[in-house]
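Notes to accompany the following structure.
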Amino acid sequence: MIITLVNDTFNINNNGTTISAMRFAEALSQRGHQIRIITCGDPLKSGKDPDTGFEMFYLPELKIPIASRLAHKQNTLFAKPVRSILKKAISGSDVVHIYQPWPLGSAAQRVARQMNIPAIAAFHIQPENITFNIGLKRFSPAAHLTYFLFYLFFYRRFSHIHCPSKFIAAQLRSHGYKARLHVISNGVHPAFCAPAKPREHTFKPIKILMIGRLSPEKRQDVLIRAVMKSRYADRIQLYFAGSGPWEKKLRRLGNKLPNPPVFGYYNRDELIKLIHECDLYVHASDAEIEGISLIEAFACGLVPIISDSKQSAAAQFALGPQNLFKAGSPESLAEKIDYWLDHPEQLKEAEKKYAQLGKQYALEHSIRKIEKVYSSMTKNHKNEYHRSIFFRLSTRLFQIVIACPILLLWTRFVLGAKVYGRENIRGLKSGVTVCNHVHLLDSALIGVTFFPRRVVFPTLTQNVKTLWPGKLVRILGGFAIPDNIMELKAFFDEMEFLLMKNCIVHFFPEGELRPYDTGLQNFKKGAFYLAAQAQVPIVPMLITFEPPKGLIKIIRKKPVMRLHIGKPIHPMSKDIEIDSELRMKAVCKKIEAITSV
């Protein structure tokens, strides 16, 4: 394939976006693809790069008042779109991969569209990175506005978006992005691997590393303050690998430590050597789309301590509570640092686990995934799972004002339904719920039980596609389970995005409606696979029936429903297959226990 990568900067190891583009280009070239690069540089130097073999198309710098000055502080710049050069570079390409939503990316997309060449956008610029750097850290509407502006002026034109993590994919979907979202890691270069000999932790001194741009959102200051509070402060030597606008401030703060931090900028080999020599890695960033530097560190067997920030994807890499600290809290971080230094044997065991985890993010895996995306892209691809912000707001209003009050009255006073075990779901942020399917309105009963929480009901395609009652089912939370097995991965990914935004996803794992039949059938694995993939709790529920009693006998002759809610079953393993099997068995046992009561 002829693949054209569009990025404002290239061949400069100054930020994660540029490094990702360079690695993808190198790896794709090694797999036989012809690579073209459109980037900022001297137009007179355009042509075939003798070192890489890439066909380079250089553009002059675009200087934007204020924005260019801020960009230069972050060691980046904007390229000026020159239409003649863009047409020459994109002509004959099989696909165009655009990395940034700046003027160059917009112009490249327009040229690709006019030439009928498929284009995919990447989402590497996290709005929180922008708001943190302009002093609007605590003003969350600014980040939401940036997501909207990115969509309005750039991303709405694409049918496909490459997302480095599920975290940012969930953010995009919640902000109304329509495109098909492809979650593909930036990938770890094969050079980042565990040392041949296991680390010998002499702790003389204790070496703690943090890699990344020296800027406000990365929160290197939290690590410095944490060391001040550590019992091992006089023995700790900090290493900060990176550069940025906060360097002078961090140096002043670090000079208060018994051992001032070492600041440096390292090439790949030097960085790997440093990682192998360190004892712990800290990732304190408040905003992170993926955290490739973190992945590279633990791929080398270095145990991380990670901020639990809600605006960061990095927390997903914590293998236990001792790998997480409260975002922005030096006290919490100091406690976790001291824990690992107090338990060197556990540290050695964790190193093995993290080195194994790092293999899952190998660059080779990412390249194979992006190749599949490139080869399957179509210009017009309708995303069946997108729900616009207007649709979500209007349906939410309908649910609150009309649907839920009516269904609550109907299930309680007409059907005579009662719910037991509500205390088991108090405080539940998100999760998968499972229940036997024994009544036409059992989904309504489950919906009002969780109200005002949003509940999503995967259902058969025909239940959603029809005009009636399909539209109503969709409004009340129905999502079509695809008939095509090839679409199942996209379906489970979309359900995971919803779980990451604190939704409840409900399944009837028996797979069919059996009215008033409380005998349990064999469960299908979909619900348990999703819970294992998303690492969220499963809540077992059971509907039983009783003869109507009291006044309800006057209006109802059929048995009345009783919904029993069990305690959530939390993840038992990081392995998806093992966890789904274990929790399916656990759910069956809990439901059987409810039945026997």
Side-chain angles (χ1 to χ4, degrees), residues 407 411-412 415-425 428 430-450 455-463 473 477-479 481 488 491-492 495 499 504-534 536-549 556-573 576-597:
L407 291 173
T411 54
R412 181 67 183 90
L415 299 183
K418 289 186 179 180
V419 179
Y420 302 101
R422 288 181 189 271
E423 65 278 5
N424 292 328
I425 56 174
L428 183 71
S430 67
V432 173
T433 58
V434 294
C435 185
N436 53 334
H437 197 10
V438 291
H439 196 279
L440 280 171
L441 288 178
D442 48 14
S443 56
L445 175 59
I446 291 163
V448 297
T449 298
F450 279 91
V455 184
V456 170
F457 297 92
T459 184
L460 297 176
T461 303
Q462 59 264 31
N463 293 340
V473 170
F479 274 75
I481 299 172
L488 278 177
F491 168 77
F492 280 113
M495 293 301 104
L499 288 168
I504 303 295
V505 179
H506 180 80
F507 284 87
F508 294 108
E510 293 173 312
E512 60 179 322
L513 172 63
R514 300 171 68 91
Y516 297 95
D517 183 357
T518 56
L520 290 180
Q521 309 300 313
N522 291 332
F523 286 173
K524 290 179 170 57
K525 296 181 179 181
F528 307 96
Y529 180 89
L530 174 62
Q533 176 178 302
V536 295
I538 297 179
V539 180
M541 300 190 291
L542 179 71
I543 293 176
T544 58
F545 292 95
E546 294 179 3
K549 298 176 182 178
R556 184 166 183 83
K557 304 302 180 183
K558 291 183 179 180
V560 293
M561 286 191 286
R562 298 291 182 257
L563 176 62
H564 305 268
I565 304 173
K567 292 182 179 180
I569 301 172
H570 294 275
M572 298 179 177
S573 172
I576 294 178
E577 295 297 332
I578 294 173
D579 184 72
S580 58
E581 286 290 335
L582 290 174
R583 288 206 277 173
M584 186 164 69
K585 292 177 181 178
V587 166
C588 290
K589 287 183 180 179
K590 284 209 171 187
I591 289 178
E592 288 173 1
I594 295 172
T595 307
S596 61
V597 173

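The analysis underlying the following values was restricted to heavy atoms, covering all of them including side chains, and did not include hydrogens, waters or symmetry mates. Counting from 1, the numbers follow the sequence of the chain as shown.
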*Under the side-chain contact (heavy atoms from CB on, under 4.5 Å) criterion, do Met495 and Gln533 qualify, and how do the steps go?*
CA-CA 10 Å; Met495 293 301 104; Gln533 176 178 302; over 6 Å; no

*Is there side-chain contact between Val419 and Val448, with at least one heavy-atom pair below 4.5 Å?*
no

*Any side-chain heavy-atom pair from Cys435 and Asp442 closer than 4.5 angstrom?*
no

*asked:* With rounding to the nearest 0.5 angstrom, report the CD1 to CG distance, Ile543 to Leu445.
replied: 5.5 Å

*Considering all heavy atoms, the nearest Val539-Gly566 contact*: CG1-O, 3.7 Å

*asked:* Please give me the minimum heavy-atom distance between Leu499 and Gly431, naming the atom from each residue.
replied: CD2-O, 3.4 Å

*Would you find a donor on one side and an acceptor on the other, under 3.5 Å apart, between the side chain of Arg583 and the backbone of Met572?*
no

*Would you indicate whether the side-chain heavy atoms of Pro458 and Val505 approach each other to under 4.5 Å?*
yes

_Tell me the closest heavy-atom pair linking Pro537 and Pro568, and the distance in Å._
CB-CB, 3.9 Å

_Distance check, rounded to the nearest 0.5 Å: Glu512 atom CD versus His437 atom NE2?_
9.5 Å

*asked:* Nearest 0.5 Å, please: how far is CD1 in Ile569 from CG in Leu582?
replied: 10.5 Å

*Ile481 and Thr461: which non-hydrogen atoms are nearest, and at how many Å?*
O-OG1, 2.9 Å

*Is a donor on one side and an acceptor on the other found under 3.5 Å between the side chain of Thr544 and the backbone of Met561?*
no

*To the nearest 0.5 Å, tell me how far Phe479 CZ sits from Thr459 OG1.*
12.0 Å

*asked:* So which atom in Asp579 and which in Ser573 form the shortest heavy-atom distance, rounded to 0.1 Å?
replied: OD1-N, 3.1 Å

*To the nearest 0.5 angstrom, please state how far the CG atom of Leu530 sits from the CD1 atom of Ile538.*
8.5 Å

*Parallel, tilted or perpendicular for Tyr516 and Phe545, by the 30°/60° rule?*
tilted

*Hey, does Ser443 have a side-chain heavy atom less than 4.5 Å from the side chain of His506?*
no

_Would you compute the distance between atom CD1 of Ile565 and atom CE of Met541 and round it to the nearest 0.5 angstrom?_
6.0 Å

*Report the C-alpha separation of Phe457 and Asn463 in whole Å, then their side-chain angles, then the decisive distance to 0.1 Å, and conclude whether the side-chain contact (heavy atoms from CB on, under 4.5 Å) test is met.*
CA-CA 11 Å; Phe457 297 92; Asn463 293 340; over 6 Å; no

_If I compare all heavy atoms of Pro547 with all of Val560, which pair ends up nearest, and what's the gap?_
O-CG2, 4.3 Å

For residues 518-526, which side-chain N or O atoms pair as donor and acceptor with protein atoms under 3.5 Å away, sequence neighbours left out?
residue : atom : partner : partner atom : Å
Gln521  : NE2  : Gly519  : O            : 3.1
Lys525  : NZ   : Glu581  : OE2          : 3.3

*Does any N or O in the side chain of Ser580 come within less than 3.5 Å of the main-chain N or O of Tyr529, such that one atom is a donor and the other an acceptor?*
no

